[in-house]
2 protein chains.
Amino acid sequence: MSSLDSSPRAVNGTVAPAGEIAKQIPPAAVARLTIYLRALNTLLADGVERVSSESLAEASGVSSSTLRKDLSYVGSYGTRGVGYEVQYLSRHISAALGLTHDWKVAIVGAGNLGKALARYDGFESRGFDVVAIFDADQLVVGNEVGWLRVSDVADLETVLRRTGTNMVVLALPAAVAQAVCDRVVAAGVHSILSFAPVMLQVPDGVNLRKVDMATELQILAYHAQRAQTPDQTA
Amino acid sequence: MSSLDSSPRAVNGTVAPAGEIAKQIPPAAVARLTIYLRALNTLLADGVERVSSESLAEASGVSSSTLRKDLSYVGSYGTRGVGYEVQYLSRHISAALGLTHDWKVAIVGAGNLGKALARYDGFESRGFDVVAIFDADQLVVGNEVGWLRVSDVADLETVLRRTGTNMVVLALPAAVAQAVCDRVVAAGVHSILSFAPVMLQVPDGVNLRKVDMATELQILAYHAQRAQTPDQTA
DNA sequence: TAGATTGTTAATCGATTAACAATC
DNA sequence: TAGATTGTTAATCGATTAACAATC
């Protein structure tokens, strides 16, 4: 009843016919689909089999309108008057996001952050395999981090190839980030998540995302300051 | 020439008159202003005194149109035909973002991530003082992390008050995040940055931001998968 | 004055929301 | 059939971009 291809619903659903170009999902919707997926997997773990757009939306912190619109980019996997089957929907979102692929992640930088990321449960549990961690410091190379040993960043290209890495996380100082990033790209890895607090330049066709923790605090600061300075139309 | 209030430009500029309500800056612009600020501070460190919207935009990875529009929300601090004074603009953006306040940050969770955050240079260097770190594990309480000793999360309220904390970073498991978040809010801290992979519910007036590292990888996966499946209009 | 570059306007584009017809 | 809830449409809202008048 819920195998991805053999489900009866797949016959009715507005799935893109084989061979057709899957339509582009708007960026804002992609980001939220990952949230729905997490909520669905929580429901699944709790043994919940069916959910309405209303309650899934509430669990995800969005309006039911936004949720249904977002799901409509993926396909039409609900039943009017009834709701969505949790497992069935979860599988289809996963497929649409490309999470059925085999993602192998290497972390460059074995400082505090790099080590924390290497040991972060959330990666493995969501299907991302951490296969290597690198550092430039010879005192750190060879150390154990979780299941891994720290590789020398000098061997970056070799190790990336050997491990079949297709995603890289940069957890290194701003000063060296661009140089390492260039090597990663040259080595053929086109998906990069950077924690380095610099604007990295990458060629077209490379997907670069950035997480900047200080930026997040600065955005909080802006809102906090506004809240503290109340409407003083003196 | 560049003190925030005594500059001659402050006379001409479209600064909001004292006592008037500062206009709300759109969220997308706030996020980018933090990027401009970082670029400006890099220029400042390099001894650059003046910059055009064109080159600051390039360094920040946005169009000059977007940059000038964003700056216009802060005020009018450039000189036509000339450009912007780096230090002068940097100060005004800082002021607009509320970064001249005294921000005291506590981290809840002294696991790998919490420890990495406590030692992260980027916080201190951008004016955020990490004043406390908490954990529930008695084996961890009392340990040294950077300059700090780990406090017992049982003493959360007391320590937050004593240290004058006004921002909290949650670096703890999904299962306990909501309960701790509730206590933080009850203790009067209204700015929270969460790394826990759950949707937290907070009352109105509380600013909550989320960083989810696995979500970032999932978004990369979506784009990578699309790139790999090329235009097969077979 | 001539050249350069800002600050702002108006047009375009994308995201969100409300409402409801379709349909289980 | 009556009740419920999806999937989609159309309206609204916000963000981005291009162009240029203002002005140093």
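The minimum heavy-atom distance linking B/T34 with B/A31 is given by the pair OG1-O, 2.7 Å. Across B/I25 and A/Y222, no two heavy atoms sit closer than the pair N-OH, 2.9 Å.
B/W103 and B/H101 have parallel rings, their planes meeting at less than 30° on a 0 to 90° scale where 60° marks the start of perpendicular. Between B/H92 and B/Y77, the ring planes lie parallel to each other; the angle is under 30°, not in the 30° to 60° tilted range.
If you check residues 215-222 of chain A against DNA chain C, you find no residue with a heavy atom closer than 4.0 Å.
Remark: C1' of D/dT8 and CG of A/L67 are 14 Å apart, rounded to the nearest angstrom. Distance, B/Q24 CD to D/dA15 C1': 14 Å, rounded to whole Å. Taking atom OH of A/Y88 as the reference point, atom P of D/dT6 lies 15 Å away to the nearest angstrom. The separation between A/D70 atom CG and C/dT16 atom C1' is 10 Å, rounded to whole Å. For the pair B/Y36 OH and C/dT6 C1', the interatomic distance rounds to 15 Å; values are reported in whole Å. Taking atom CD on A/E54 and atom C1' on D/dA4, their separation rounds to 12 Å, with Å as the unit. At whole-Å resolution of the value, CG in A/L71 and P in C/dT16 are 14 Å apart.
In DNA chain D, consecutive stretches of 3 or more Watson-Crick or G-U wobble pairs with both distances under 3.5 Å are given as paired ranges: C:3-24 with D:3-24.
When the nearest nucleotides of DNA chain D are assigned to B/T66 and A/V51 by heavy-atom distance, the more 5′-ward of the two goes with A/V51.
Taking side-chain N and O atoms only, A/S53 has a distance below 4.0 Å to OP1 or OP2 of D/dT6. At the phosphate of D/dA15, neither OP1 nor OP2 sits under 4.0 Å from any side-chain N or O atom of B/Y73. For D/dT16, one of the phosphate oxygens OP1 or OP2 lies less than 4.0 angstrom from a side-chain nitrogen or oxygen of B/R32.
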B/S/- contact track for nucleotides 18-24 of chain D, protein heavy atom under 4.0 Å: BBBBBBB

